[in-house]
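Residue numbers begin at 1 in each chain, while the letters A, B, ... track the order of the sequences.
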Amino acid sequence: MRWSIRGLFPYLFLLFFFVALFLALRMGSLPPAEFTFANGTEIQTVDPAKSSGVPEGRIIDSIFEGLYRKLPDPHDPEQMIPLPALATSHDLSEDLKTYTFHIRQGVQWTNGDPVTSYDWTFSWLRFLHPESRSQYAYQLWYVKNAKKYTTVELAEGDKVEIELADRPDEAQMFPRGTMISGILKKIDKFEEKLTGKFNGEDVEPVMLTWLVYTVDCVPEKEGKPDWDGPLTQRVFYVKGTPSQFLKDFPDAEAAMHVLYHFSQVGIRALDSKTLEIELESPTPYFLELASFYPMHPVNRTCVEQYGYPNWTKPENIVTVGPYEIKERRIRDRIRLEKSPTYWDADNVHLKTIDALAVQSDTTQLNMYMSGQLDWATTVPNSALDELRLLDVKKHKNPERKDERDDLLMAPMLSTYFYRVNTTRPPLDNPKVRRALSLAINKQEIVDHVTRGGQIPAGSLVPPGVVGYDGPDAEVYNPEKAKELLAEAGFPDGKGMRPIEILYNTNEGHRSIAEVIQQQWKKTLHIEVKLRNVEWGVYLTMQRELDYDVCRAGWIGDYPDPNTFLDMFVSGGENNETGWSNKAYDKLIEEASTEPDPQKRFSILKDSEEILVEEMPILPVYFYVSVNMVRPYIKNFYPNLQDLHPMHVLEIDEALREDIRKWEDLE
Amino acid sequence: MIKFLLKRMLWMVLTMWVVFTISFFLMWTVSPEGALLSERQLPEAIKQNLERYYHLDQPLTYRYFIVLWEYLHLNPGPSMKLIDKSILEILREGLPISISLGVLGLSFALILGFASGIISALRRQTVIDVTFRSIATLGIAIPNFVLAGFAIIIFVFQLKLFPAAGWGRPIDLVLPSLCLAAPFAAYISRLTRTGMLEVLGQDYIRTAYAKGLMPTTVVLKHAFRGAILPVVSYLGPATAGILTGSLVLERIFFIPGMGSHFIEAVLQKDHPVSLAIVMVYTFLLFTMNTLVDLSYGLIDPRVKLDK
Amino acid sequence: MELTDKNDPYEAALPPIDKYREMYNEAKSIRGISLWQDAWRRLRRDWVSMTALSFLVLLALAAIFTPLFPLQSPREQDLANRVALPPEFVSTTKVTNKAGEPEVAPVSLNLVDLKDKEFERRVGELWTTLNPFDQLLLNVRLAIFGDWCVPSLCGTDLLGRDLLSRLFYGARVSLIVGLVATLVSLLIGVSYGAIAGYAGGLVDDLMMRIVDIMYSVPFIFLVLFVITILSEDEVKKQLEGYGISRIVILYILIGAVYWLTMARVVRGQIISLKNEQFVDAARTIGASGFRIVFMHLVPNVLSIVIVYLTLTIPAVMLFEAFLSFLGLGVEPPDVSWGMLSEEGTRVITPVKIYWWLVVFPALALASTLYSLNFLGDGLRDALDPRMKNR
């Protein structure tokens with residue numbers, strides 16, 4: 001045949017095919033891991049200071065470590081308690097406000113640096129620094145003056161630190177520019193009104209505030225500011241201030257930041273192995289916070305050398321936890337490998353772990369059932385009944401009688417509720433809100449929609465916090481609901497405008513909203529509309545009180561009623577209902593300074609009673625954690641916060657072989 | 001041909017610029033905050049810093065030029081949601097996967113489509129023909145997520161032939177590629193059948209048979225060449241379809257390709273990433289269409305490129 | 001034809017007025033066969049296409065007159081008694097009887113005994129809001145069947161709703177999306193193609209080059225963008241201010257994506273037609289370009305347009321399903337087949353398959369698309385001029 005491009009065509013096609021095959025197979029170079037689990041959505045980052053999510057938490061907890069770490073209580077493995085980790089012990093002062101941590105000796109970062117208390121002064125400064133953009137920064141605001149540092153609320157006379165605009169790389173926070181300390185003398189405020197046109201239409205004017213700081217600067221002595229030294233007056237402006245406002249300040253110097261002085265924040269390294277933390281008020285759950293993953297320290301050398309975000313790359317990152325990141329593929333997997341330098345490496349059993357970014361719960365179940373996963377973190381509701389039956393069937397086999405269930409469910413410190421916009425009539429009437437709450441048949445939802453053995457909720461704080469009993473709230477009472485609605489002026493729902501339920505797109509939320517829609521319609525005879533929006537939009541609408549009733553969920557950050565109740569103080573960041581009650585605010589405030597735990601709980605209970613009476617939220621149910629775990633994974637215990645540290649897990653090889661054989665897995 | 005390619009290049013630049021401009025203004029005017037929404041409210045100072053990092057404090061038109069400039073340097077900047085990763089990294093990881101899935105799918109579609117189409121045409125109006133045609137129509141008539149659902153039940157859990165999800169090993173590729181290929185195989189099969197029927201009736205085929213050539217030679221060498229034309233012209237639209245199909249299948253089979261990244265980016269309002277992926281897809285589609293036009297001219301000498 | 005006088009040589013050349021009359025009468029007696037009649041004749045002989053056509057007509061009627069059928073409510077949930085039941089021929093639920101004891105009773109609407117306000121309330125529970133036409137149909141239904149409902153022949157879903165009824169109401173949404181979106185694409189495609197073809201020259205070049213370029217624009221992705229944008233509250237409210245709902249925009253958008261091929265095909269046809277005599281004739285009597293294109297040319301390309309129509313509707317319906325898969329399709333309480341099949345596939349798990357939840361919606365979708373495809377094929381053959389009189 002004559003040579004021609006046309007003749008070549010089939011061969012070109014074959015070439016294409018093999019190139020594609022090659023590209024596809026190039027991915028498969030990783031050998032399988034010992035333990036594989038589904039981590040939910042793709043993690044945003046492994047930088048502890050910038051993350052805020054359960055999947056991020058699982059990874060960060062494996063590669064970093066805090067002063068303390070929440071581990072199963074050796075006496076009762078289903079309870080998680082903070083146990084010494086990078087700190088070996090702590091002392092607590094008389095007034096319960098000062099913690100002194102003793103850092104473990106001989107612990108090293110993966111790059112060989114010793115772990116010292118300066119790692120915390122650096123990391124927590126970075127964590128609190130406004131430029132860090134930490135979403136969890138408020139969790140450290142229990143520390144004295146920490147809030148002032150993050151929110152830059154400066155007053156004249158405050159000690160301030162000025163970072164001059166001479167950073168080596170302006171986009172990187174570290175290494176910082178020249179630091180100057182001083183006492184703030186005067187702030188000059190300038191307002192600039194920006195008006196503009198977009199597409200020929202006037203855009204709402206934007207007010208910009210520019211500040212010029214006059215500071216009495218002090219010299220430095222031995223690397224520390226000498227507050228009693230001679231004062232020199234200097235003027236600073238934040239870089240970017242338009243020159244028109246600087247006319248009156250010929251000597252003004254450009255600064256990156258003018259912040260509250262960090263030495264005034266209650267985080268101090270007494271020596272390289274002693275860390276002192278001073279709190280605003282007694283905080284009984286501070287150890288929980290000190291073991292919370294956003295507070296884990298990061299390595300200064302690494303951060304300064306590579307800068308953000310490059311320092312988090314697997315080839316650059318320096319860690320201190322039981323595992324190291326070997327590889328990270330977006331929306332695929334994170335490969336963790338046991339770290340040889342971990343202080344407790346002898347007790348870390350799993351050598352390699354794969355964290356898969358599988359979102360869909362059906363896919364998770366598919367992969368679990370076909371043996372591709374050892375641990376599925378969510379399970380589709382529709383399959384729960386069948387999975388329970390499978391476990392029952394399994395136990396009938398005499399050989400497998402004592403095997404642990406695959407499906408593990410346990411109460412969780414988390415509540416599913418609806419927020420009510422209390423600024424919109426008729427929802428501003430507590431009677432209407434209570435009617436709405438009492439008309440929701442929560443038992444029906446729990447039994448037939450969520451099906452996981454969740455507990456119908458009458459109030460906000462889930463059961464399980466040791467020593468705390470919430471108020472006895474009525475869960476469901478259609479007759480009373482009707483009465484209350486009539487009392488509020490809407491007998492039989494007459495005159496009531498349609499209510500809209502807002503929820504973020506998700507099958508589970510939709511089913512629940514549909515059920516509640518029908519229940520309200522049947523009991524109260526009110527029109528209910530549903531509105532589903534994407535996550536981001538949902539958050540904005542919720543924040544801007546642009547809803548009637550809106551689905552919400554809250555997971556306790558620490559096992560204390562406060563993590564739920566302090567949400568609803570007037571103007572609280574996570575209040576988002578417009579609800580405000582003076583007595584409630586006062587009780588929460590009182591509880592935060594009360595040293596006696598029992599009295600504190602009783603104050604919190606009083607506050608929750610107010611909440612139940614006023615019902616700015618409609619509680620639906622208390623969550624249950626649902627995990628599918630292969631029984632050959634040892635040391636996996638269900639617990640309140642659904643925390644499962646991976647370095648304590650162990651594989652029973654013999655059982656694994658047996659199960660693979662019994663269940664005919666690949 | 002050089003002139004043709006140059007002209008096409010020019011059009012491509014223009015198309016990409018238009019798509020870029022429209023997408024850019026579309027997303028930023030409607031949701032100006034982008035992905036700067038978080039579960040817990042951000043303190044004002046932190047928010048300002050975030051805005052500065054993503055240039056959100058600048059006027060939109062100014063930002064347009066910044067981003068355009070960045071794109072001209074092939075550096076689309078950081079993602080707003082996967083804050084550790086630059087867009088370039090996301091593309092570098094996702095693109096090879098999606099392209100290989102697409103090409104594999106297309107290859108399966110071509111192989112299955114051609115084979116069943118030829119057999120249908122040769123055995124016209126027999127049981128085989130009717131069966132093939134019915135299956136082909138089924139491929140067109142069922143959404144591919146339903147198809148994938150059935151496939152998982154049958155091949156993964158009943159027959160235990162393939163893994164349920166994942167990407168990397170050869171065996172992982174089969175099920176998603178086949179599900180992706182199904183509708184296109186069906187369409188190609190129909191096109192091939194029609195084309196073959198038309199060609200088989202023509203004189204030169206009869207001549208070839210009369211010369212005493214083997215029937216397989218006649219069919220594969222002579223008739224098939226003529227029947228391939230409509231299929232080639234279908235490859236352009238098919239590429240677009242394959243891109244869409246992979247959106248769905250990547251989700252179902254947990255494949256970390258561009259489709260998953262795009263859907264997530266759109267839903268989470270990670271505008272920089274969605275913009276970049278739209279641009280990549282525009283580029284791919286344009287290239288594919290140009291290739292199709294080019295090969296059309298190569299296969300059929302009667303077609304002139306520069307009209 | 002019969003000549004009167006064969007001997008007269010001039011007779012044939014200058015026919016008398018009588019002969020005209022005769023020819024006229026004769027012509028009147030012959031019924032000409034138009035393209036459409038011819039096509040219909042041929043289509044009628046093709047049993048596959050006829051089956052498809054009858055199915056589609058029946059489906060359309062069923063969708064229009066859905067409230068007339070004695071179906072259960074598509075919305076009412078029965079969480080306690082009827083969750084995820086497989087298909088059954090007798091549907092029962094537990095109710096409390098007058099004595100206050102639980103009792104097994106057939107599923108019923110419980111509407112007949114109710115009056116005025118209560119009646120309206122119950123109707124609202126069962127169907128949300130009904131337009132006057134549906135209200136009328138419903139009243140007829142109640143008069144004929146009373147409270148009696150067809151049992152759940154297709155099973156019930158995970159909230160205890162009747163799937164059969166949801167399929168029927170879903171047909172309304174799905175068919176309308178398919179039809180309206182296709183009509184939009186038709187409108188754009190035909191006008192665009194016709195104008196380009198008729199204008200010719202530079203205009204044609206430019207317009208078709210634009211179409212070429214549009215083929216390279218990843219529209220699906222832009223549509224996803226726009227739909228997420230449309231779901232935003234402010235935009236939605238603004239649109240509602242103009243009386244446009246989100247779903248209408250959805251139709252228009254989908255339609256706006258699928259017009260390209262239509263434009264190309266129509267343009268080709270118009271170019272081959274525009275130098276025909278009837279166009280010249282129209283031009284000589286002073287018809288405007290607009291009139292020529294839309295009154296004279298477009299009707300002549302209708303056949304090919306109809307064929308494309310039957311092929312675009314399936315594409316559009318699949319696109320709607322695709323959007324539902326991503327959660328961007330119609331919003332509850334509306335249902336569509338795409339949404340139902342998506343709900344069905346999501347509950348496919350290795351431990352339990354609610355097969356009826358995925359098989360029936362898929363079947364509904366597939367049989368409709370099957371029919372449309374076969375009808376399209378049949379129409380193409382029937383309208384093919386080369387097949388004339390065969």
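For C/Leu318, the part sitting under 4.5 Å from any heavy atom of chain B is the side chain, from C-beta outward, and nothing else. Within the 4.5 angstrom heavy-atom criterion, no atom of B/Leu147 approaches chain C. Residue C/Phe374 touches chain B through its side chain alone, counting heavy-atom pairs closer than 4.5 Å. Neither the backbone nor the side chain of C/Asp205 comes within contact range of chain B; no heavy atoms are under 4.5 Å apart. Of the two parts of B/Thr239, neither the backbone nor the side chain holds a non-hydrogen atom closer than 4.5 Å to a non-hydrogen atom of chain C. For C/Thr368, no part lies near chain B; criterion is any non-hydrogen pair under 4.5 Å. For a residue to count as touching a neighbouring chain, one of its non-hydrogen atoms must lie under 4.5 Å from one of that chain's; by this rule B/Ile142 touches chain C with backbone and side chain alike. Contacts of B/Phe286 with chain C are made by both backbone and side-chain atoms, with heavy-atom separations under 4.5 Å. When heavy atoms are compared at a cutoff of 4.5 Å, B/Phe262 approaches chain C solely by way of its side chain, counted from C-beta outward. Only the side chain of C/Ile353 comes within contact range of chain B, judged by heavy atoms closer than 4.5 Å.
For the 3.5 Å distance criterion, the side chains of B/Glu250 and B/Ser260 qualify, holding a donor opposite an acceptor. B/Thr21 and B/Tyr64 share a side-chain donor-acceptor pair at under 3.5 Å.
Comparing B/Ile263, B/Ile277, B/Thr287 by heavy-atom pairs within less than 4.5 Å of chain C, the highest count is held by B/Ile263. When each of B/Asn144, B/Ile153, B/Val19, B/Leu14 is scored by its heavy-atom pairs under 4.5 Å with chain C, the top score falls to B/Ile153.
The environment of CG in C/Leu202 is sparse: at most 12 heavy-atom neighbours from other residues, nucleotides or ligands sit within 6.0 Å.
Although no hydrogens or angles enter the test, the distance criterion places no donor-acceptor pair under 3.5 Å between the side chain of B/Tyr71 and the main chain of B/Met279.
Using cut-offs of 30° and 60° on the angle between ring planes, the pair C/Phe319 and C/Tyr258 is perpendicular. Taking the six-membered ring where the residue is Trp, C/Tyr192 and C/Trp259 present tilted rings, their angle falling between 30° and 60°.
Ion pairing between C/Asp212 and C/Arg264 holds under the 4.0 Å rule for side-chain N and carboxylate O.
Residues B/Ser98 and B/Gly259 come closest through the heavy atom pair OG-N, 3.9 Å.
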